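Whatever order the structure lists ligands and atoms in, that order sets their numbers, starting from 1. Quick caveat, the model's predicted, so the values are computed rather than measured.
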Amino acid sequence: MKEKFYISTAIAYTSGKPHIGNTYEAVLADAIARYKRQRGYAVYLQTGTDEHGVKIEEKANKKGVSPQEFVNEVAAEIKRIWDLMDVSYDKFVRTTDPHHKEVVQHIFKRMYENGDIYKGEYKGLYCTPCESFWTESQLVDGKCPDCGREVEISSEEAYFFRLSKYQDRLEKYFEENPEFILPVSRRNEMINNFIKPGLQDLCVSRTSIKWGIPVSFDDKHVVYVWLDALTNYITNIGYDVDNETDEFKRLWPADVQIIGKDIVRFHSIYWPCFLWSLGLELPKKIFGHPWLLTNNDKIGKSKGNAIYADDLVEKFGLDAIRYYLLHEMPFANDGNITYELLVERINGELANVLGNLVQRTISMGNKYFDGKVVNKNVIEEIDKLFVEEINSLNSKVEEKMNNYAVSDALTEIFNVLRASNKYIDDTTPWVLAKDESKQDRLETVIYNLLESIRVCAVLLRPFINRTSEEILRQLNTNIESFEYVSDNKYELGKPEVLFQRLDKDKVLANLA
Ligand code: ME8
């Protein structure tokens, strides 16, 4: 039996087309999922859309369509982009799905029955765009700490979730599980800004909104979007209050939940308490990834600087964008995307370091040995170091990926690709080729290079799957070992360009 690995992304709001920042998250989760599959796990990757709430209701009204019609269109667009990006999800979920809605109603009722939800009156500072209530002390310059917009005093009859009841338990949990939230800086932020000041009961229903899941026993209320949205992680894997299916028991708790830094609060404070209220275990890990900026500025549709994945893929190709996102986004600090940087990475890393190496090596194999290359074992000192470097790559990648340091894992692979280019410069195959007596040495050198490329291609599979397959196709091998194999028999295919070098000035002029 394979060990299971349940990984989820946040579910994207269907308020509009997802920009490259939202898309990054899906690609990041995909890379981790593909990595785990490659390592023999039975992976379940869940992603989808968050479709209720006042913002969506307003947008639909403005467009003159029903909210359902509106979200159908946007959800299809989001799914199309995830597919375009090769996101290998096992399930794409939607919060307007009838089954999800029904289970959310059961959950709300169960929490009411067990006393964790009670009826009261809400009076507070509300940020409509973020659908969040704030306390005075949380405001920044009197405005919403998340989006910086005005908040307004709002009052309504409402149901509340007894978050305060879980104060001690949450504090203790954070203390005893220092690795629950990654990166650690975000954990500290949660403790200092939210837990230590004291948890306040959370308003979990609205009477002012229609577009939501009605509370089953009091239908002028709809369920607060975050209670609706967070529970997607369990309603879609077979959880119901009186029926935990085998599938649910197999998959839960999730192994890692991938979310952006702005919603760590919802996932590390509300979500654990909701789960405890249902008597369920917490996810093993919450990874709050950083944000992608454009020209070091926050991406916003209103700012007019939103970049979309489909445009990028059309202009630069899928794997160039996947590589850029996965490699350029640091683990904790925000990353940046500009066309200039993108072209630099494509030229410098994908075309030069990777593409050139593959093309040069296969060409030499074809030219000198008619494409048939075996290991002649004429080994020199430099080979030992080179092979050691190849063989230590897998454990380095493993170490990085186990910590979800995806960008660093890619850096490790590219270090070996760079070392391979240097190995060519140091061994000078074109000089060996001129010497009849060095033919076996030459073949050994080419063999070592082919093995290095093969190992890197196999390890690149989770990140840039299509390129990885293309390289292995050109190498004409199906050996998937993560280490140097000494008895492979290469019968090389024809080298084909993997990444076209771009003329930066031309590209930028065209975009302008
Ligand atoms: O937050 N860079 O949905 P969403 C990287 N529906 N990631 C970014 C980003 C950026 N510039 N901007 C946003 C929601 N994200 C809720 C989630 S989960 C139960 C409900 C991330 O469409 C953001 O942090 O606003 C979130 O993880 C995801 O994109 C979807 O954002």
Subject >> Ring geometry between His267 and Tyr233 (parallel below 30°, tilted from 30 to 60°, perpendicular above 60°) >> reply: tilted
Original post:
Roughly how far, to the nearest 0.5 Å, is the NE2 atom of His327 from the CD1 atom of Ile464?
Top reply: 11.0 Å
Subject >> Closest protein heavy atom (residue, atom, distance) for atom 8 (C) of ligand 1 >> reply: Trp291 NE1, 3.5 Å
Original post:
When you measure from atom 21 (C) of ligand 1 to every protein heavy atom, which one gives the shortest distance, and what is it?
Top reply: Glu25 OE1, 3.6 Å
Original post:
Given that the side chain starts at C-beta and the backbone is N, CA, C, O, which of these parts of Phe266 lies under 4.0 Å from ligand 1, counting heavy atoms, or is it both or neither?
Top reply: neither
Original post:
Quick one: are Asn403 and Leu182 in side-chain contact, heavy atoms under 4.5 Å?
Top reply: no
Original post:
On the ring face of Phe70, is Lys59 found with NZ or CZ under 6.0 Å from the centre and within 45° of the axis?
Top reply: no
Subject >> Tyr173/Trp276 under ring-ring contact (aromatic ring centres under 6.0 Å, His included): CA gap, chis, key distance, verdict >> reply: CA-CA 12 Å; Tyr173 194 85; Trp276 281 331; 5.7 Å; yes
Original post:
Should the proximity of Leu292 to ligand 1, defined as any heavy atom under 4.0 Å, be assigned to the side chain, the backbone, both, or neither?
Top reply: both
**OP:** Within a distance under 4.0 Å of any heavy atom of Ala229, pick out the atoms of ligand 1 and give their elements.
**Re:** 19 (C)
Original post:
Quick check: does Gly260 get an N/O under 3.5 Å from an N/O on ligand 1?
Top reply: yes
Subject >> Interfacing atoms of ligand 1 (cut-off 4.0 Å, heavy-atom, Trp226) >> reply: 16 (C), 17 (C), 18 (S), 19 (C), 20 (C)
Original post:
Which atoms of ligand 1 sit under 4.0 Å from any heavy atom of Pro290?
Top reply: 5 (C)
Original post:
Atom CD of Gln200 and atom CG of Leu163: how far apart are they, to the nearest 0.5 Å?
Top reply: 9.0 Å
Subject >> atom 31 (O) of ligand 1: nearest protein contact (heavy atom, Å) >> reply: Asn22 ND2, 3.6 Å
Original post:
Has ligand 1 got any nitrogen or oxygen that is less than 3.5 angstrom from a nitrogen or oxygen of Tyr24?
Top reply: no
**OP:** Would you please test Tyr224 and Phe160 for ring-ring contact (aromatic ring centres under 6.0 Å, His included) and show each step?
**Re:** CA-CA 10 Å; Tyr224 174 46; Phe160 287 84; over 10 Å; no
Subject >> Ring centres under 6.0 angstrom apart (Phe499, Tyr323) >> reply: no
**OP:** For ligand 1, find out whether one of its N or O atoms is nearer than 3.5 Å to an N or O atom of Gly21.
**Re:** yes
**OP:** Give the ring-plane orientation class for Trp226 versus Tyr13, where under 30° counts as parallel, over 60° as perpendicular and anything between as tilted.
**Re:** perpendicular
**OP:** List every atom of ligand 1 that sits less than 4.0 Å from any heavy atom of Ile259, numbering the atoms from 1 in the order shown and giving each element.
**Re:** 27 (O)
Original post:
Would you say Ile11 has any N or O atom under 3.5 Å from an N or O of ligand 1, going by distance alone?
Top reply: yes
Subject >> Which of the ligand 1 atoms, numbered from 1, are nearer than 4.0 Å to a heavy atom of His19 >> reply: 9 (C), 10 (C), 11 (N), 12 (N)
Original post:
Using the ring of each side chain (for Trp, its six-membered ring), is Tyr159 parallel, tilted or perpendicular to Phe108, with breaks at 30° and 60°?
Top reply: perpendicular
Original post:
When the ring planes of Trp252 and Phe248 are compared, do they come out parallel, tilted or perpendicular, using 30° and 60° as the limits?
Top reply: parallel
Subject >> Any N/O pair His267/ligand 1 closer than 3.5 Å >> reply: no
**OP:** Examine ligand 1 and decide if any of its atoms is less than 4.0 Å from a heavy atom belonging to Lys298.
**Re:** no
**OP:** Specify the protein heavy atom at minimum distance from atom 23 (C) of ligand 1: its residue, its atom name, and the distance to 0.1 Å.
**Re:** Asp262 OD1, 3.5 Å
Original post:
Which ligand 1 atoms, with their elements, are less than 4.0 angstrom from a heavy-atom of Asp50?
Top reply: 6 (N), 16 (C), 20 (C)
**OP:** Look only at interatomic distance and state if Tyr13 has a nitrogen or oxygen under 3.5 Å from any nitrogen or oxygen of ligand 1.
**Re:** yes
Original post:
Ignoring hydrogens and geometry, is there a side-chain-to-backbone donor-acceptor pair from Arg162 to Gly115 under 3.5 Å?
Top reply: yes
